[in-house]
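Report on one structure; see the data block that follows.
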Amino acid sequence: MTSLRPLPREFYARPAFRVARALLGRALVHDGPQGRVAGRIVEVEAYRSAGDPASHAFRGPTPRNRVMFGEPGHAYVYFTYGMHHCLNLVCEPAGQAAAVLIRAFEPLAGAHVMRARRGVEESMRLGRGPGCVAQALGIDRSHDGLDLSAGPLFIAQAPPQLGSHRIVAGPRIGIRVALERDWRFWLAGHPCVSASRGTPKPALATPGTSHSR
DNA sequence: GTATCGATTAGC
DNA sequence: CTAATCGATACA
């Protein structure tokens, strides 16, 4: 876990939907002031560049979403509900505002740091949910715009070994995935149940086909 | 200026 | 189910 290299910017320069899929199972790493923390990405949500009313970029550039319109391979971090941060990875060429929201991970390194930040003991709750992901990793608005190919925050080139994952359609778009047995999903329109949280919403028929709310 | 809601979470 | 809590957004 010591000599990990970040994925290059080119990795992100393609449709968010494809980047999202390629991110599943990979290691998300943050070398912060309290040391290295890392997790294996198990759930992602893609926001496409055009015609997606659910995207922050739908109405054009603003101070908040401007990094979404910039170069791929950068972090888009926003503050929401007055208390949570969410981490996105900017995709597609500059000018096309697409990104992938990291929704959940499984701890790979620095779990003790994550526990301290989260105030939670259970490993399953350290990185479950986009707000928890940012909190566990120690990510906030100061990380907005960070270059993922050069900074302390990155996706490792070599994904950690382990398990197979399923790719499924998410409630908002893009895709969701799971590795753990107790995670269930939406698979190409076939409703399953999210054991992690909440009640399942109607699924999409086709991954990559976005819809609002 | 005010009102409303949010790419959420924790708790009852 | 709701409170928390504040920035972004819509509108007068």
Side-chain angles (χ1 to χ4, degrees), chain A residues 12 15-17 19-21 23-24 28 39 41-70 72 74-92 96-107 114-146 148 153 168-178 183 185-186 194-204 207-213:
Chain A
Y12 304 91
F17 174 44
V19 175
R21 198 162 90 175
L23 284 170
L24 292 169
L28 170 60
I41 297 171
V42 297
E43 186 175 344
V44 294
E45 192 165 322
Y47 287 85
R48 54 182 220 222
S49 57
D52 187 351
S55 171
H56 286 171
F58 183 58
R59 296 165 200 286
T62 68
R64 176 176 71 161
N65 67 22
R66 63 182 186 77
V67 328
M68 282 185 77
F69 289 84
H74 290 254
Y76 165 50
V77 182
Y78 66 89
F79 182 62
T80 191
Y81 287 97
M83 58 189 87
H84 305 298
H85 294 275
C86 291
L87 170 65
N88 301 259
L89 312 186
V90 176
C91 305
E92 305 190 14
Q96 298 182 48
V100 174
L101 172 68
I102 308 300
R103 296 196 58 90
F105 67 71
E106 296 175 349
M114 297 180 187
R115 289 194 174 88
R117 288 173 175 154
R118 292 269 301 111
V120 163
E121 290 300 313
E122 305 161 68
S123 296
M124 286 298 292
R125 290 184 54 193
L126 293 180
R128 177 191 292 177
C132 300
V133 166
Q135 185 178 40
L137 293 175
I139 299 296
D140 59 35
R141 275 168 294 184
S142 72
H143 299 82
D144 189 41
L146 271 194
L148 299 172
L153 178 65
V168 300
R172 281 186 183 277
I173 47 156
I175 57 192
R176 288 197 168 197
V177 166
W183 289 65
F185 313 90
W186 292 266
S194 172
S196 61
R197 186 200 312 275
T199 306
K201 302 163 192 168
L204 296 172
T209 301
S210 179
H211 68 143
S212 59
R213 302 186 50 103

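A note on names: the letters A, B, ... follow the listed sequences, proteins ahead of strands, and every chain is numbered from 1. Only heavy atoms go into these numbers, but all of them, side chains included; no hydrogens, no water, no symmetry mates.
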Rounded distance in Å - [atom1] ([X]) to [atom2] ([N]):
X: A:Glu45; N: B:dG6; atom1: CD; atom2: C1'; answer: 14 Å
X: A:His84; N: C:dA4; atom1: NE2; atom2: C1'; answer: 8 Å
X: A:His85; N: C:dC6; atom1: NE2; atom2: C1'; answer: 11 Å
X: A:Glu43; N: B:dA7; atom1: CD; atom2: C1'; answer: 12 Å
X: A:Met83; N: C:dT5; atom1: CE; atom2: P; answer: 6 Å
X: A:Arg128; N: B:dA10; atom1: CZ; atom2: P; answer: 10 Å
X: A:Met124; N: B:dA10; atom1: CE; atom2: C1'; answer: 17 Å

Does anything in residues 124-144 of chain A pair up under ring pair (Phe, Tyr, Trp, His ring centres under 6.0 Å), and if so which pairs, sequence neighbours excluded?
A:His30-A:His143
Range-with-range stems of DNA chain C (Watson-Crick or G-U pairs under 3.5 Å, three or more in a row):
B:1-6 with C:6-11, B:8-11 with C:1-4
Determine yes or no for a side-chain-to-main-chain donor-acceptor pair under 3.5 angstrom, with A:Asn65 supplying the side chain and A:Gly60 the backbone.
yes
Which of these nucleotides, B:dT9, B:dA7, B:dG11, is closest to any side-chain atom of A:Arg125?
B:dG11
Which letters describe nucleotides 7-12 of chain C, given B = protein heavy atom under 4.0 Å from base, S = only from sugar-phosphate, - = neither?
SSSS--
Report the residues that fulfil side chain to side chain donor-acceptor pair (under 3.5 Å) with [X], sequence neighbours left out, ordered by chain and then residue number.
X: A:Arg118; answer: A:Gln135
X: A:His56; answer: A:Tyr76
X: A:Arg117; answer: none
X: A:Glu122; answer: A:Arg125

Stacking here means centres under 5.5 Å and planes under 30°; does A:Tyr81 stack on B:dG6?
yes
Can you name the residues that form a side-chain contact (heavy atoms from CB on, under 4.5 Å) with A:Ala99, not counting sequence neighbours?
A:Met68, A:Asn88
Measure the shortest side-chain to side-chain distance between A:Leu89 and A:Val44 over non-hydrogen atoms and say whether it is less than 4.5 angstrom.
no
Phosphate OP1/OP2 of B:dA10 contacted by A:Arg118 side-chain N/O (<4.0 Å)
yes
Partners of A:Phe79 by ring pair (Phe, Tyr, Trp, His ring centres under 6.0 Å), sequence neighbours excluded?
A:His85
